[in-house]
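Since the structure comes first, as structure tokens, the remarks are kept for the end.
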Amino acid sequence: MSRFLLIGPPGAGKGTQAVLLSQMLSIPAISTGDIFRSNVKNETELGRLAKAFMDAGDNVPDSLTNELVRARLVEDDSVAGFLLDGYPRTVDQVRELDEFLASRDEALDLVIELVADPEVVIARLSKRATEQGRSDDTEAVVRHRLEVYAEQTEPLIDIYSSRGVLVKVDAIGTVEEVTARIADALAARGISVPEPDSAAG
Ligand code: AMP
């Protein structure tokens with residue numbers, strides 16, 4: 001049981017929790033947002049194609065995204081498990097991921113939904129805009145990203161819920177509180193999570 005997905009609106013803390021959980025569970029965190037950002041930074045062809053979509057707060061087209069995730073999931077470190085952060089985020093991406101995993105006799109074991117109120121999320125992201133200078137964290141773009149989430153990604157919650165693999169976790173609280181809630185949710189499904197300290201290093 002080690003194929004996980006973190007899902008939730010922008011600003012719910014997926015990236016932060018993904019990094020912590022990946023250390024605790026000793027599986028790679030795969031963030032499509034991070035992969036796109038590093039391509040933009042390194043001025044690759046993919047980065048050049050993705051940048052306008054990201055700056056506008058729109059999803060990058062599936063044609064660019066699916067291939068990238070497939071390539072990442074066949075790397076050696078993903079074979080025993082992985083934690084996806086920010087993919088899939090459209091119904092088509094779910095279909096694509098399903099097909100890929102099915103071709104390897106695999107499936108997602110658990111989808112962790114980070115639940116956060118939109119206004120709280122907007123406040124968090126404007127703080128991050130100041131701290132990290134992300135070009136897609138301005139208030140107008142954040143509001144648009146929330147709309148895109150509601151339209152394109154929220155339907156995934158029902159899909160995974162009907163498959164019985166969804167667990168909802170309240171994302172309002174300190175980083176440690178939210179991590180502890182996720183660990184509890186995993187433990188309730190028989191997945192033990194070592195304490196962060198013992199997993200470090
Ligand atoms: P994130 O870091 O997950 O908030 O992603 C930042 C931006 O990268 C998003 O607003 C999209 O433009 C793009 N992006 C990340 N993941 C995906 C995905 N699975 N599908 C399409 N676009 C994505």
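All residue numbers in this chain count up from 1 along the given sequence. All ligand and atom numbering here is 1-based and tracks the order in the structure.
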What do we get for R37 next to ligand 1 when only non-hydrogen atoms under 4.0 Å count, side chain, backbone, both or neither?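 The part of R37 near ligand 1 is the side chain, not the backbone.
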
Checking contacts here: is it the side chain or the backbone of N59 that comes within 4.0 Å of ligand 1, counting heavy atoms only? Could be both or neither.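 Contact part for N59 vs ligand 1: both backbone and side chain.
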
Residue, atom name and distance, where the atom is the protein heavy atom closest to [atom]:
{"atom": "atom 8 (O) of ligand 1", "result": "M54 CE, 3.7 Å"}
{"atom": "atom 3 (O) of ligand 1", "result": "R89 NH1, 3.0 Å"}
{"atom": "atom 12 (O) of ligand 1", "result": "D58 O, 2.7 Å"}

Under a 4.0 Å N-O cut-off, is there an ion pair linking [X] with [Y]?
{"X": "D98", "Y": "R163", "result": "yes"}
{"X": "D77", "Y": "R72", "result": "yes"}
{"X": "R70", "Y": "E67", "result": "no"}
{"X": "R143", "Y": "E147", "result": "no"}

As a check for students: among T153, V60, T32, identify the option with a heavy atom nearest to atom 22 (N) of ligand 1.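 Selected option, by shortest heavy-atom distance: V60.
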
Those atoms of ligand 1 less than 4.0 Å from some heavy atom in [X]:
{"X": "G86", "value": "16 (N), 17 (C), 18 (C), 19 (N)"}
{"X": "R145", "value": "4 (O)"}
{"X": "T65", "value": "18 (C), 19 (N), 20 (N), 21 (C)"}
{"X": "Y87", "value": "19 (N)"}

Looking at every heavy atom in both R145 and P10, which two are closest together, and how far apart are they?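 Looks like NH2-CB, 3.6 Å.
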
Criterion side chain to side chain contact (heavy atoms under 4.5 Å, CB included) against L114, the qualifying member of D170, V178, I7: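 So the option named by the test is V178.
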
Partner residues of E43 under the salt bridge (charged side-chain N to carboxylate O under 4.0 Å, His left out) criterion, sequence neighbours left out: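 Result, salt bridge (charged side-chain N to carboxylate O under 4.0 Å, His left out) vs E43: none returned.
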
Distance-only N or O hit between ligand 1 and Q93, under 3.5 Å: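 N/O-N/O distance below 3.5 Å exists for this pair.
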
Are L64 and L84 linked, directly or through other ILVMFWY residues, by side chains that come within less than 4.5 angstrom of each other?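 Looking at the clustering, L84 is in the same group as L64.
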
